[in-house]
Asks: 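My structure is below; once you've seen it, I'll send some questions.
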Amino acid sequence: MTRFDVIAFDADDTLWHEIEHYHDAEAQFVAMLSRYHDKAYIQARMVETDIRNLKIYGYGVKGFVLSMIETAIELTEGRVTGNEIETIMQFGREMMNAPIALIDGVRETLEQLRQTHPIMIITKGDLFAQETKIARSGLADLFTHIEIISDKKAADYRAVLQRYSYVPDRFLMAGNSLRSDVMPVCEVGGHAIWLPRDNTWVHEQVPDVDKSHFVALATIRDIPAWVQRTEQGY
Ligand SMILES: [Mg+2]
């Protein structure tokens with residue numbers, strides 16, 4: 001008998017590289033405004049604006065672009081030019097159109113796991129952007145369920161589990177973010193695998209977390225063996 005009824009995966013920075021696009025755009029943005037202010041100051045203000053705006057725009061590139069524009073207007077005291085705003089919009093278009101680069105081992109691991117368990121995507125963000133990324137990833141056919149939700153708090157996971165009649169104790173979620181993929185899943189009584197990445201977005205870093213409710217694995221390739229060990233004798 002299997003221990004888990006479903007294995008769910010986060011998408012951005014779990015299945016494919018995403019945060020690098022944000023860092024690249026942010027570096028170009030900071031360079032563009034560096035004649036107005038110190039780079040560290042620009043970056044700090046941009047991060048502050050972006051996090052503040054999450055509750056207005058939600059997660060994703062479009063909100064990030066609006067936050068860059070807002071930061072540029074503030075930091076230049078309104079002197080930012082139309083051409084500079086066009087450049088910022090171009091950063092956003094490049095992010096949206098960037099080819100999907102799968103993280104090493106993703107396809108093989110998913111193909112292996114789906115032999116024994118239904119697999120699922122649970123991702124947060126802009127519906128259109130996430131749909132197109134999933135389609136362009138070439139992975140969509142591997143998944144039994146795909147859920148694109150606007151946030152990943154405990155209540156959001158509870159709603160997803162209810163929608164599919166999954167029992168929390170038999171639900172396993174894997175992702176790169178402690179804040180979004182691990183802690184809320186543990187909170188609802190599920191199980192989580194944390195796949196840490198070096199450059200996890202500052203908003204996603206959660207210090208001093210109780211590590212007894214989940215396991216951290218080095219790469220997605222380690223999941224099948226962990227699942228097999230966990231399910232042995234179950
Ligand atoms: Mg992620």
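No hydrogens, no waters, no symmetry mates; every other heavy atom, side chains included, goes into these values. Indexing begins at 1, ligand by ligand and atom by atom, following the structure's order. Nothing fancy with the numbering, it's 1 onward along the sequence.
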Asks: Consider only side-chain N and O atoms of E70 and T49, and report whether a donor and an acceptor are under 3.5 Å apart.
Replies: no
Asks: Which single N/O/S atom of D12 lies at minimum distance from the Mg ion (ligand 1)?
Replies: O
Asks: Any salt bridge (Lys or Arg N to Asp or Glu O under 4.0 Å) involving residues 82-98? Give me the pairs, sequence neighbours left out, ordered by first then second residue.
Replies: R35-E84, E86-R93
Asks: Under the side chain to side chain donor-acceptor pair (under 3.5 Å) rule, what pairs show up with a residue in residues 218-229, not counting sequence neighbours?
Replies: D104-R221
Asks: Indicate if the distance from the Mg ion (ligand 1) to the nearest N, O or S atom of N176 falls below 2.8 Å.
Replies: yes
Asks: Looking at D156 and K124, is there a salt bridge between them, counting it only when a charged N and a carboxylate O are closer than 4.0 Å?
Replies: no
Asks: In D10, what N, O or S atom is nearest to the Mg ion (ligand 1), if we give its atom name?
Replies: OD2
